[in-house]
Amino acid sequence: GFKNRLVIDILLASLISFCGVTGYQIYQVKRYLGTFRNFISYIANYNLVQALNTSILNSISSASMTNKSYRVLPKIWIWYHFSAPEYIVKIEKLAGSYDSDLDHLAQLVSSTLGDGYQITSKSISQDESWFEFTASLVQRDLRFIPRTTNDVVQKQYCVKLMNNLVINFAKLPHLAVFGKTNSGKSTVLWSIILQTISNSHLYFVDFKNEFSILKKFYPADRFATSQDEAIDLLEKVVSILNQRKKLVQRESRKRQVIGLTASKLGLEPIYLVIDEFASVLASFGTSVEGRKKRKLCESLLLQVLMQSRAFGIIVLYASQSPATEVLNQQMRSQFSTYILLGSANSDVQRMALGQVATAGNVDKFSGYYVEETADFTTPQLFEVPDFYKNELNELDTFEYLYNRKENPTISGIAHK
């Protein structure tokens with residue numbers, strides 16, 4: 001009886017231990033991998049985990065890691081993100097490791113994954129307990145370089161920014177572009193204007209007079225270059241918003257359909273282009289009247305951002321700074337796509353993208369973007385479109401596309 005009881009106790013203890021270990025592993029999987037699909041990917045790519053462990057061990061042995069920071073091997077999670085496509089790599093930041101290890105670990109991750117992938121994001125988690133890396137499939141043709149106007153024109157509500165990135169503003173309204181001077185912000189806006197001028201209505205809050213050159217052929221009342229003009233133009237856009245709201249509601253009742261939108265009704269999209277909103281706000285000054293006008297301007301823009309998702313009005317916003325002093329958090333949260341161009345410190349990256357994309361420098365006319373979708377949880381590499389190479393930046397190209405909108409009988413043969 002004693003022997004039988006001992007065997008039962010051993011089996012019971014083993015079962016409890018097994019359940020405890022299994023439960024802890026499930027907890028880890030849930031916490032760090034998130035989904036069962038990622039867990040399957042982790043198991044399928046476990047050979048990469050082992051290879052990276054070996055690389056780290058060799059690195060410790062050769063003393064190439066700073067002060068031999070790892071006394072034991074860290075926990076490593078690697079899984080493949082199919083929709084991107086990219087590898088996500090998380091390496092535990094053990095006690096005694098240093099922030100300076102980030103760059104060296106990035107080299108180890110890159111060598112482990114091979115030449116087919118490049119590190120597009122490297123950072124330390126906010127709780128400073130993990131080194132985090134994103135390795136994207138190497139694509140040497142990311143930059144969108146249209147050859148003719150036929151390559152430029154997209155279907156309504158859609159804009160092509162890279163060869164693997166087409167934004168459907170009917171589903172993801174509003175885009176914000178941040179970056180220092182000469183980083184490519186205006187080029188991004190011009191490329192969108194080039195693609196939309198033939199199938200949309202454009203309005204400009206343009207205190208720098210950069211886009212006012214279009215007045216040569218485009219209606220002058222679509223441009224605001226002063227305080228009062230900015231308020232008048234925003235009020236006009238809000239008025240159009242209210243008209244569309246009534247139209248959509250009327251059609252919804254008529255058709256007995258829930259979720260009807262401007263795009264489903266075939267209404268042309270309206271793009272409100274705002275370049276350097278900070279200069280607009282600064283122009284109102286600090287007088288009582290100026291503060292009232294500033295508050296009104298911000299209120300009108302907030303209405304457009306918050307209420308226009310179903311009514312085909314899209315805000316294209318560009319600014320050097322993503323600071324909340326310029327665009328408050330309530331406004332910022334309404335954008336679906338964020339682009340940060342050029343090199344920026346970690347604070348600027350967090351303000352613009354919600355997280356740190358990279359610890360290194362970024363090439364000119366490149367950066368990172370984030371879409372507010374479940375598929376893109378980490379910043380992705382971004383390349384500014386190039387419509388200069390084939391001389392599609394000439395004013396007559398924009399005029400040709402606009403005239404083709406106004407006169408559908410114009411031939412669809414490529415202009416260039």
Side-chain angles (χ1 to χ4, degrees), residues 121 123 126 159 161 165 167-181 183-186 188-189 192 203-208 224 230-231 233-234 237-238 241 270-284 291 293-358 362 367-380 382:
S121 174
S123 61
Q126 291 188 358
V159 166
L161 294 182
L165 176 62
I167 298 177
N168 185 346
F169 285 114
K171 297 180 179 179
L172 297 172
H174 311 321
L175 177 145
V177 187
F178 304 106
K180 298 176 182 178
T181 302
S183 62
K185 298 188 305 297
S186 295
V188 172
L189 293 182
I192 295 175
Y203 292 84
F204 301 87
V205 178
D206 182 27
F207 272 42
K208 296 194 306 182
I231 292 175
L233 187 140
L234 288 172
V237 174
V238 170
L241 168 63
I270 293 174
Y271 291 90
L272 174 59
V273 181
I274 302 178
D275 191 16
E276 291 302 342
F277 194 53
S279 62
V280 178
L281 298 180
S283 68
F284 292 114
R291 289 198 299 269
K293 288 185 176 182
R294 172 176 175 145
K295 188 174 181 180
L296 174 59
C297 187
E298 290 177 319
S299 175
L300 291 169
L301 178 57
L302 183 59
Q303 286 185 61
V304 176
L305 286 169
M306 293 185 67
Q307 299 182 35
S308 62
R309 287 181 175 266
F311 308 115
I313 300 177
I314 300 105
V315 175
L316 305 176
Y317 177 91
S319 178
Q320 291 188 37
S321 171
T324 53
E325 290 81 3
V326 180
L327 195 70
N328 64 50
Q329 187 58 40
Q330 191 176 16
M331 291 184 183
R332 182 199 305 274
S333 63
Q334 304 304 317
F335 290 88
S336 297
T337 305
Y338 304 85
I339 300 173
L340 177 62
L341 299 174
S343 300
N345 62 40
S346 58
D347 290 337
V348 172
Q349 292 182 54
R350 287 193 184 95
M351 284 189 290
L353 305 172
Q355 57 187 296
V356 177
T358 179
V362 176
Y368 289 87
Y369 77 97
V370 167
E371 285 184 326
E372 293 296 310
T373 66
D375 290 335
F376 291 90
T377 57
T378 58
Q380 308 293 310
F382 184 82

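Worth saying up front: this structure is predicted, and the values here are computed from it rather than measured.
- Checked against salt bridge (Lys or Arg N to Asp or Glu O under 4.0 Å), Arg294 has the following partners two or more places apart in sequence or in another chain: Glu298.
- With sequence neighbours excluded, the residues forming a ring-ring contact (aromatic ring centres under 6.0 Å, His included) with Phe204 are Phe211, Phe223, listed by chain and number.
- Nearest heavy-atom pair, Leu341 versus Gly184, reported as atom, atom and distance to 0.1 Å: CD1-C, 3.5 Å.
- Here the closest heavy-atom approach between residue Ala176 and residue Phe335 is recorded as N-CD2, 3.7 Å.
- Sorted pairs that involve residues 300-310 and meet salt bridge (Lys or Arg N to Asp or Glu O under 4.0 Å), not counting sequence neighbours, are lacking altogether.
- Side-chain contact between Val315 and Gln334 is absent, with no heavy atoms from C-beta onward closer than 4.5 Å.
- A distance of 12.0 Å separates NZ in Lys185 from CD1 in Ile339, rounded to the nearest 0.5 Å.
- Of the residues Val304, Leu305, Val238, the one that meets the side-chain contact (heavy atoms from CB on, under 4.5 Å) test with Ile313 is Val304.
- Taking the six-membered ring for Trp and thresholds of 30 and 60 degrees, Tyr317 and Phe178 have ring planes more than 60 degrees apart, a perpendicular arrangement.
- If you take CG on Leu272 and CG on Leu300, they are separated by 10.5 Å, rounding to the nearest 0.5 Å.
- The shortest heavy-atom contact between Ser283 and Phe207 is OG-CE2, 3.4 Å.
- Of all non-hydrogen atoms in Leu189 and Ala318, the two that sit nearest each other are CD1-CB, 3.6 Å.
- Summarising the geometry of Leu302 relative to Gln330, their closest heavy-atom pair is CD2-OE1, 3.6 Å, with the distance given to 0.1 Å.
- Atom OG1 of Thr337 and atom CD1 of Ile167 lie 4.0 Å apart (nearest 0.5 Å).
- To the nearest 0.5 Å, atoms CD (Gln355) and OG (Ser346) are separated by 12.5 Å.
- Looking only at distances, no side-chain donor or acceptor of Ser336 sits under 3.5 Å from a matching main-chain atom of His174.
- Side-chain contact check for Val280 versus Cys297: some heavy-atom pair is nearer than 4.5 Å.
- Annotation for Leu353 and Val370: closest pair O-CG2, 4.1 Å, computed over non-hydrogen atoms.
- Residues forming a salt bridge (Lys or Arg N to Asp or Glu O under 4.0 Å) with Lys208 (at least two apart in sequence, or on another chain): Glu210, Asp275.
- The main-chain N or O of Gln329 is found under 3.5 Å from a side-chain atom of Ser333 such that the two form a donor-acceptor pair.
- At a threshold of 4.5 Å between non-hydrogen side-chain atoms, the residues Gln380 and Phe382 do not count as touching.
- Between the CG atom of Leu175 and the CD1 atom of Ile314 there is a distance of 10.5 Å, given to the nearest 0.5 Å.
- In this structure, the side chains of Leu301 and Ile274 come closer than 4.5 Å at one or more pairs of heavy atoms.
- Listed for the Glu276 side chain is a donor-acceptor partner under 3.5 Å among the backbone atoms of Gln320.
- Annotation: ring-ring contact (aromatic ring centres under 6.0 Å, His included) contacts of Tyr203 (sequence neighbours excluded): none.
- Arg291 pairs by the salt bridge (Lys or Arg N to Asp or Glu O under 4.0 Å) definition with nothing, not counting sequence neighbours.
- Rounding to the nearest 0.5 Å places CD1 of Ile270 at 9.0 Å from CG of Leu241.
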